[in-house]
**Q** 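I'd like to ask some things about the structure below.
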Amino acid sequence: MSILQKLVLASGSPRRIELLQQAGIEPDRVLPADVDETPLRAEHPRSLAKRLSKEKAEKALTSLKSEDDYGPAFVLAADTVVAVGRRILPKAETIDDAVNCLGLLSGRSHRVYSGICLITPGGKLRQRLVETRVRFKRLPREEIEAYVASGEWRGKAGGYAVQGLAGSFVVKLVGSYTNVVGLPLYESVALLSGEGFKAHRNWHVARP
C-alpha cells in the first residue's frame, strides 16, 4: 500500500476532529455529508446509528469521486444516537428540545450508540457499533434552566455535551466515554489500523 495514505472524515463535527487529533490522527480532509437523519418507522436506535454512518460514508465517497483530482482515500464516518429504551432523542435545536430531553434523562439511565463506518481505498466497507450506558442524577428545574441558558446543548444528540457542563450530571458511565462525546476512539483507531492505515505515524511529533 502506498505510504501516502489519505484520510477523509465525513463529518464537520469539531468534537470528532478533536478526538481524532487526540489520538494523533489528522484528517487530510473534512467533508461533511448531510443526510436525512429521520428514523425509519419502528427503527431501533442502534440500527439508526449504523445506517446513518454508512450513508454518510457512502455520500462522502460519491462526492470525492465526482472531483477531477480524486484519489483513493480512507473515508471515515460516524453517527451518534441517544436513546431511552427504544425512544430516540433528537439533536436539540430549540430550547423546547433541550428542556424535553433533559427532563426525560433526569434521574434515569440512557444509552448512547455510535455507528462508525470506514470505506477503504480499495472500496471495502467496515462497520462497528459502540454502546455506552449513562445515568444522570435527578436534575432540579433550576439546573435544567441554567444549562439551557448556557447554550451548550445546541445541536447535540440528547440535548447535552458530556465533555462540558453536563459532565456534572453523570452519576455513572459504563463503556466508552469518547463514544458519548461523539467518536469512540478505541474502535475507530482499531478499525483504521485493521485495514492498514498507519494510525500511529504522527505519534513521534505528539505534543507532551
Side-chain angles (χ1 to χ4, degrees), residues 11-23 32 34-53 56 77-117 127-190:
S11 172
S13 165
R15 300 179 302 283
R16 292 189 178 123
I17 296 170
E18 289 168 3
L19 284 167
L20 280 178
Q21 291 172 336
Q22 179 184 322
D34 293 326
V35 300
D36 183 357
E37 299 187 3
T38 305
L40 301 176
R41 184 177 178 83
E43 188 170 26
H44 193 281
R46 63 172 59 235
S47 300
L48 176 64
K50 285 189 70 175
R51 176 173 66 83
L52 292 182
S53 66
K56 289 178 180 180
D79 189 80
T80 301
V81 174
V82 175
V84 176
R86 291 181 63 98
R87 180 173 176 176
I88 298 168
L89 276 62
K91 288 184 178 176
E93 298 295 347
T94 68
I95 288 176
D96 284 346
D97 285 344
V99 170
N100 290 339
C101 285
L102 293 169
L104 188 62
L105 297 174
S106 175
R108 63 195 302 183
S109 295
H110 62 278
R111 296 177 188 254
V112 179
Y113 301 95
S114 282
I116 51 177
C117 180
Q127 283 190 279
R128 294 276 182 89
L129 181 78
V130 182
E131 175 185 332
T132 303
R133 287 177 288 163
V134 184
R135 182 173 181 84
F136 271 15
K137 68 177 183 177
R138 183 167 295 282
L139 302 173
R141 181 174 179 178
E142 59 269 23
E143 197 162 359
I144 290 177
E145 291 174 350
Y147 187 71
V148 169
S150 77
E152 190 181 80
W153 49 269
R154 197 172 297 278
K156 307 294 194 301
Y160 74 94
V162 74
Q163 70 274 25
L165 300 169
S168 64
F169 300 163
V170 178
V171 174
K172 187 176 183 180
L173 187 151
V174 180
S176 168
Y177 170 78
T178 54
N179 175 42
V180 185
V181 179
L183 184 70
L185 272 186
Y186 165 73
E187 290 80 5
S188 297
V189 173

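The residues of the chain are indexed from 1 along the displayed sequence.
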**Q** Is it true that a side-chain atom of T132 and a backbone atom of V180 form a donor plus acceptor pair closer than 3.5 Å?
**A** no
**Q** Excluding sequence neighbours, so at least two apart, what forms side chain to side chain donor-acceptor pair (under 3.5 Å) with T38?
**A**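 Here the qualifying residues are D36.
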**Q** With a 3.5 Å distance limit and no angle check, can you tell me whether S114 reaches the backbone of L183 through a side-chain donor-acceptor pair?
**A**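 No; zero donor-acceptor contacts below 3.5 Å.
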**Q** Can you list everything that forms a side chain to side chain donor-acceptor pair (under 3.5 Å) with Q21? Sequence neighbours excluded, please.
**A**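 With neighbours one apart ignored, the set is E26.
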**Q** Sequence neighbours left out, what passes salt bridge (Lys or Arg N to Asp or Glu O under 4.0 Å) with R141? Give chain and number order.
**A**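 Partners of R141 by the salt bridge (Lys or Arg N to Asp or Glu O under 4.0 Å) criterion, ordered by chain and then number, come out as E145.
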**Q** If I compare all heavy atoms of L129 with all of A49, which pair ends up nearest, and what's the gap?
**A**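 For L129 versus A49, the nearest heavy atoms are CD1-CB, 4.0 Å.
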**Q** Locate the shortest heavy-atom distance separating S53 from G115; write the atom from each residue and the value.
**A** CB-O, 3.2 Å
**Q** With sequence neighbours left out, what residues match A161 under side chain to side chain contact (heavy atoms under 4.5 Å, CB included)?
**A**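 Side chain to side chain contact (heavy atoms under 4.5 Å, CB included) list for A161, sorted by chain: Y147, E152, K156, Q163.
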**Q** Could you report the tightest heavy-atom contact between A92 and G159, atom names first, then the distance?
**A** CB-CA, 3.7 Å
**Q** If every non-hydrogen atom of A83 is compared with every non-hydrogen atom of L89, which pair is closest and at what distance?
**A**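 What the structure gives for the nearest pair is CA-CD1, 4.3 Å.
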**Q** List for me each residue that meets side chain to side chain contact (heavy atoms under 4.5 Å, CB included) alongside P39, sequence neighbours excluded, and say none if there are none.
**A** E43, L48, I88
**Q** With R128, which residues qualify under salt bridge (Lys or Arg N to Asp or Glu O under 4.0 Å), at least two apart?
**A**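 So R128 forms no salt bridge (Lys or Arg N to Asp or Glu O under 4.0 Å) with any residue.
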**Q** Do the side chains of V171 and F136 get nearer than 4.5 Å, heavy atoms only?
**A**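 The answer is no; the side chains never approach within 4.5 Å.
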**Q** Please name all residues satisfying side chain to side chain contact (heavy atoms under 4.5 Å, CB included) with S13, sequence neighbours left out, ordered by chain then number.
**A**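 Scan of S13 (side chain to side chain contact (heavy atoms under 4.5 Å, CB included), adjacent residues dropped) gives S11, R15, R16.
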**Q** List the steps, then state whether side chain to side chain contact (heavy atoms under 4.5 Å, CB included) holds for V130 with Y113.
**A** CA-CA 6 Å; V130 182; Y113 301 95; over 6 Å; no
**Q** Looking at side-chain heavy atoms only, is the closest gap between T178 and Y186 below 4.5 Å?
**A**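 No, their side chains stay 4.5 Å or more apart.
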**Q** For T80 and A157, which heavy atoms make the closest approach, and how far apart are they?
**A**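 For T80 and A157, the tightest heavy-atom pair comes out as O-CB, 3.9 Å.
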**Q** In this structure, are over 12 heavy atoms from other groups packed under 6.0 Å from I95 atom CD1?
**A** no
**Q** Anything under 3.5 Å between a donor and an acceptor, one on a side chain of residues 101-112, the other on a protein residue two or more places apart or in another chain? List them.
**A**
from, atom 1, to, atom 2, distance (Å)
S106, OG, L139, N, 2.7
S109, OG, R135, NH1, 3.4
H110, ND1, V134, O, 3.4
H110, NE2, Y160, OH, 2.7
R111, NH1, E131, OE2, 2.2

**Q** How far does CG of N100 sit from OG1 of T94, to the nearest 0.5 angstrom?
**A** 7.5 Å
**Q** Could you tell me which residues satisfy side chain to side chain donor-acceptor pair (under 3.5 Å) with E143, sequence neighbours excluded, listed by chain and number?
**A**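 Per chain and number, E143 pairs via side chain to side chain donor-acceptor pair (under 3.5 Å) with K137.
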**Q** What pairs meet the salt bridge (Lys or Arg N to Asp or Glu O under 4.0 Å) rule with one or both residues in residues 79-95, with sequence neighbours excluded?
**A** E37-K91, K56-D79
